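Note that this is a predicted model, so its numbers are computed, not measured. We name chains A, B, ... by the order of the sequence lines, and we start the count at 1 in each one.
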Amino acid sequence: MSDLQPPRGTRDILPEDHRRHRHVTDTAFAIAGLYGYGEISTPIFEATDVFSRTLGETSDVVTKEMYTFDDRKGRSITLRPEGTAGVARAFISGLRSAPLPVKLYYQGPMFRYERPQKGRQRQFHQFGIELLGVDDPLGDVESITLGAHILGDLGVMDRVTLQLNTLGDTESREAYRATLVEYLQDFREQLSEDSQARLENNPLRIFDSKHKGDQAAVADAPLLSDALNESSQDFFGRVRDGLKTAGISFEINPRLVRGLDYYCHTAFEFATDQLGAQGAVLAGGRYDGLIKQMGGPETPGTGWAAGVERLSMMIAEPPLSPRPITVIPVGDETKDQALSIAQQLRHAGLAIDLGFSGNLKKRLNRANKAGAIAAIIIGEDELAKGVATVRDLETSEEAEVGLSSLQEHLARYR
RNA sequence: GUGGCUGUAGCUCAGUUGGUUAGAGCGCCGGGUUGUGAUCCCGGAGGCCGUGGGUUCAAAUCCCAUCAGCCACCCCA
């Protein structure tokens, strides 16, 4: 029994789950298409340094969450923990001469070695977009607008809030970092162990901590927003204005800090309180230095990723579509006819279930449970007359329909 | 990685102070004269009580370990 369980933090996505899963990704695909984005798939695993060099050597993802192993030739391989680094790599190796901007979306499994809990698994799925080659704040606005559009169509907008912050450009951030570290020296003793280490390598992240001592230390600390240089302030101002123009409401959250090193300027997160401790359903920001850092041409980028499982948990039950029509033969002599009628109708584009066994009562019962909208009953009586009995399973109305006009009659159920 | 809670049939759970062949509801399968769907009646399959050790004459029940789930921290989608 225990051998039959999937590995920790993974799960089988059964047909019922997939209906929700697919509804999320189908919606996202359709809307990304409306914004002119094209689909890209990158490998599920990459050379380890694709992630370790870009996400930040000290980030949690790199230090303790990656699935890394050596392949048979001793190359270090890592199952992708997120999508952006792989897409950036693909851009450099295969799309560098493409006309800018390059607008991409992707969907697929990601892997992070973490302790599972609600809304958090070791293998999970993300849908994400990347907009490459746009340094204008309008790019951030488009990216966020696209995300909001998808959340809106999924019907979850009323249960999320858009949290927005800026990390400023490199100059602003470096300057601020120095003042923050200096300020926090006096509080060193009360900081958590993790945050004491962050003092050295990523002091901004202390803002994110839920540790009481950390929060107290940071409560009256100088804010990054006060340390922004003029161009960073201007950039952020134009993002906010753009969002207002697009009619998207947001809250400024000065404590919102991205965990991955490659972010600059815009950082945002659509957050909910409905998924336990996991707040983010769609989050991202700007990453202007990433592609150059990986060895490509200097190319600005902005984008986000959304958790497919998290969104699946939030959406309403998606419609069962298409509802099938069940073909039910009565008596052994009619099976061949039933089969060929079923095939004919399937080729005409109708969703057809064939009742396999049991008496008529059982088969109608099964058709009902399968969500069928109608049943086509084919018995010897019918065949003798060259008709089939079509029973509407909603209204219970029955009609005898000539076999030749069956297809026409069923058109109402498409 | 840390801490807390949990683990009996596909699902939700019961199982007395440790005592012999471990139960219910739902679901599933079959039947109620191979022709009519949610109901009703009858029958059936399905559990080495998460796994491995230990204590005991005797363990689903007590102890230890381990695995998995849930919750929180950490962090994130």
Side-chain angles (χ1 to χ4, degrees), chain A residues 1-11 14 24 55 59-65 81-84 107-128 147 160 192-195 197-198 202 205 208-212 214 256-260 269-272 275-284 303-314 326 328-335 355 357-382 389-398:
Chain A
M1 187 62 177
S2 66
D3 287 340
L4 298 180
Q5 291 180 330
R8 183 164 209 198
T10 68
R11 54 183 58 166
L14 304 176
V24 170
L55 305 184
S59 69
D60 281 359
V61 169
V62 169
T63 55
K64 54 188 197 195
E65 293 176 5
E82 56 97 53
T84 301
Q107 185 281 140
M110 305 293 165
F111 305 85
R112 266 135 67 168
Y113 191 93
E114 301 183 274
R115 275 184 88 155
Q117 61 186 77
K118 187 184 181 72
R120 183 204 234 167
Q121 300 160 220
R122 289 184 173 181
Q123 176 178 342
F124 60 103
H125 295 76
Q126 286 187 336
F127 173 88
V160 301
S192 65
E193 207 174 310
D194 284 340
S195 288
R198 288 185 188 125
N202 200 343
R205 289 249 312 285
D208 241 354
S209 173
K210 292 178 191 168
H211 184 268
K212 286 196 188 72
D214 292 352
L256 179 67
V257 183
R258 306 274 78 200
L260 308 179
E269 180 171 304
F270 284 90
T272 181
L275 294 174
Q278 275 58 245
V281 296
L282 187 158
W304 49 257
V308 175
E309 283 84 355
R310 288 185 184 178
L311 286 171
S312 295
M313 286 189 275
M314 290 184 71
T326 300
I328 301 177
V330 179
D332 289 340
E333 304 308 309
T334 61
K335 281 183 175 174
S357 66
N359 54 29
L360 181 57
K361 182 171 181 164
K362 286 288 181 213
R363 294 191 203 202
L364 276 171
N365 198 335
R366 280 199 202 94
N368 202 34
K369 282 175 184 164
I373 192 159
I376 302 171
I377 299 165
I378 297 166
E380 284 165 35
D381 298 351
E382 279 87 351
T389 298
V390 176
R391 183 179 178 88
D392 187 306
L393 292 176
E394 304 257 287
T395 65
S396 299
E397 282 169 18
E398 275 186 8

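- Relative to the side chain of A:Asn368, the nucleotides B:G35, B:A77, B:A38 differ in distance, and B:A38 lies closest.
- The heavy-atom pair separating A:Glu380 from A:Thr334 by the smallest distance is N-CG2, 3.7 Å.
- Distance from the side chain of A:Lys362 is smallest for B:G30 among the nucleotides B:C70, B:G30, B:A77.
- The backbone N or O of A:Ile377 sits nowhere less than 3.5 Å from a side-chain atom of A:Arg391 that would complete a donor-acceptor pair.
- Rounded to the nearest Å, the gap between the P atom of B:C40 and that of B:G25 is 12 Å.
- Contacts of A:Glu269 with the nucleic acid, taken as non-hydrogen atoms under 4.0 Å apart, are absent.
- Taking atom C1' on both nucleotides, B:G1 is separated from B:U61 by 33 Å, rounded to a whole Å.
- The distance from atom CG of A:Leu14 to atom P of B:C11 is 11 Å, rounded to the nearest whole Å.
- Residue contacts for A:Gly147: at a heavy-atom cut-off of 4.0 Å it reaches no nucleic acid atom on any strand shown.
- Taking only side-chain atoms of A:Thr389, from C-beta outward, the nucleotide of B:G1, B:A77, B:U36 with the closest atom is B:U36.
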Taking only nitrogen or oxygen atoms into account, show me every contact under 3.5 Å that the protein makes with nucleotides 39-41 of chain B, one pair per line with its distance.
none

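- Across B:G27 and B:U12, the matching C1' atoms stand 11 Å from one another, rounded to whole Å.
- Where A:Arg11 and A:Arg115 meet RNA chain B, the nucleotide closest to each residue was compared, and A:Arg115 sits on the side nearer the 5' end.
- Which of B:A77, B:U36, B:G30 sits closest to the side chain of A:Arg391 comes down to B:U36.
- Of the candidates B:C70, B:G35, B:A77, the closest approach to any side-chain atom of A:Glu382 belongs to B:G35.
- Among the heavy atoms of the strands, none lies under 4.0 Å from A:Gly128.
- Between A:Arg205 atom CZ and B:C73 atom P there is a gap of 15 Å when expressed in whole angstrom units.
- The gap from the C1' atom of B:A22 to that of B:G4 amounts to 30 Å, rounded to the nearest Å.
- Between A:Phe124 and A:Arg310, every side-chain heavy-atom pair lies at or beyond the 4.5 Å cut-off.
- Nucleic acid contact class of A:Glu114 (heavy atoms, under 4.0 Å, all strands): base.
- In terms of heavy atoms, A:Pro6 sits closest to A:Thr10 at CB-OG1, 3.3 Å.
- If you take CD of A:Glu65 and P of B:C76, they are 8 Å apart, rounded to a whole angstrom.
- What separates CZ of A:Arg122 from P of B:C67 is a distance of 11 Å, to the nearest Å.
- As rounded to whole Å, 14 Å separates atom P of B:A77 from atom CZ of A:Phe270.
- We find that NZ of A:Lys369 is positioned 7 Å from P of B:C29, with the value rounded to whole Å.
- At a threshold of 4.5 Å between non-hydrogen side-chain atoms, the residues A:Thr326 and A:Asn368 do not count as touching.
- A distance of 13.0 Å separates CD in A:Gln123 from CZ in A:Arg112, rounded to the nearest 0.5 Å.
- Without hydrogens or angle criteria, A:Glu309 side chain to A:His125 main chain gives a donor-acceptor distance under 3.5 Å.
- With the nearest nucleotide of RNA chain B identified for both A:Gln121 and A:Arg8, A:Arg8 has the one nearer the 5' end.
- Rounded to the nearest Å, the gap between the P atom of B:U17 and that of B:C29 is 40 Å.
- Inter-residue side-chain proximity for A:Arg122 and A:Tyr113 is flagged as met; some heavy-atom pair is nearer than 4.5 Å.
- Across B:C70, B:A77, B:G35, the shortest atom-to-atom separation from the side chain of A:Lys118 is found for B:C70.
- With sequence neighbours left out, A:Glu82 forms a side-chain hydrogen bond (donor to acceptor under 3.5 Å, both in side chains) with A:Tyr262.
- The same atom, P, is picked in B:U39 and in B:G46; the two are 25 Å apart, to the nearest Å.
- Annotation: side chain of A:Met314 is in contact with side chain of A:Val160 (closest heavy-atom distance under 4.5 Å).
- Judged by distance alone, the side chains of A:Thr389 and A:Glu398 never bring a donor and an acceptor atom under 3.5 Å apart.
- Put simply, CG on A:Leu360 is 16 Å from C1' on B:G31, counting in whole angstrom units.
- If you measure from atom CZ of A:Arg120 to atom P of B:G1, you get 13 Å, rounded to the nearest angstrom.
- With rounding to the nearest 0.5 angstrom, the NZ atom of A:Lys335 is 13.0 Å from the CD1 atom of A:Ile378.
- Using a 4.0 Å heavy-atom criterion, one finds that A:Ala367 contacts no nucleic acid atom at all.
- On the P atoms, B:A58 is 16 Å away from B:G53, given to the nearest whole Å.
- Using a 4.0 Å heavy-atom distance criterion, A:Gly284 is classed as making no nucleic acid contact.
- For B:G69, the OP1/OP2 oxygens have no side-chain nitrogen or oxygen of A:Gln117 closer than 4.0 Å.
- Side-chain N/O atoms of A:Arg366 include one lying less than 4.0 angstrom from OP1 or OP2 on B:G30.
- Between the P atoms of B:C67 and B:C57, the separation comes to 32 Å (whole Å).
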Open item on the list: Once pairs are restricted to Watson-Crick or G-U wobble with both distances under 3.5 Å, how does RNA chain B read as a dot-bracket string, [ ] for crossings and | for other-strand pairs?
Closed with: (((((((..((((.....[...)))).(((((.......))))).....(((((..]....))))))))))))....

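- Among the atoms of the strands shown, none is found under 4.0 Å from any heavy atom of A:Ile328.
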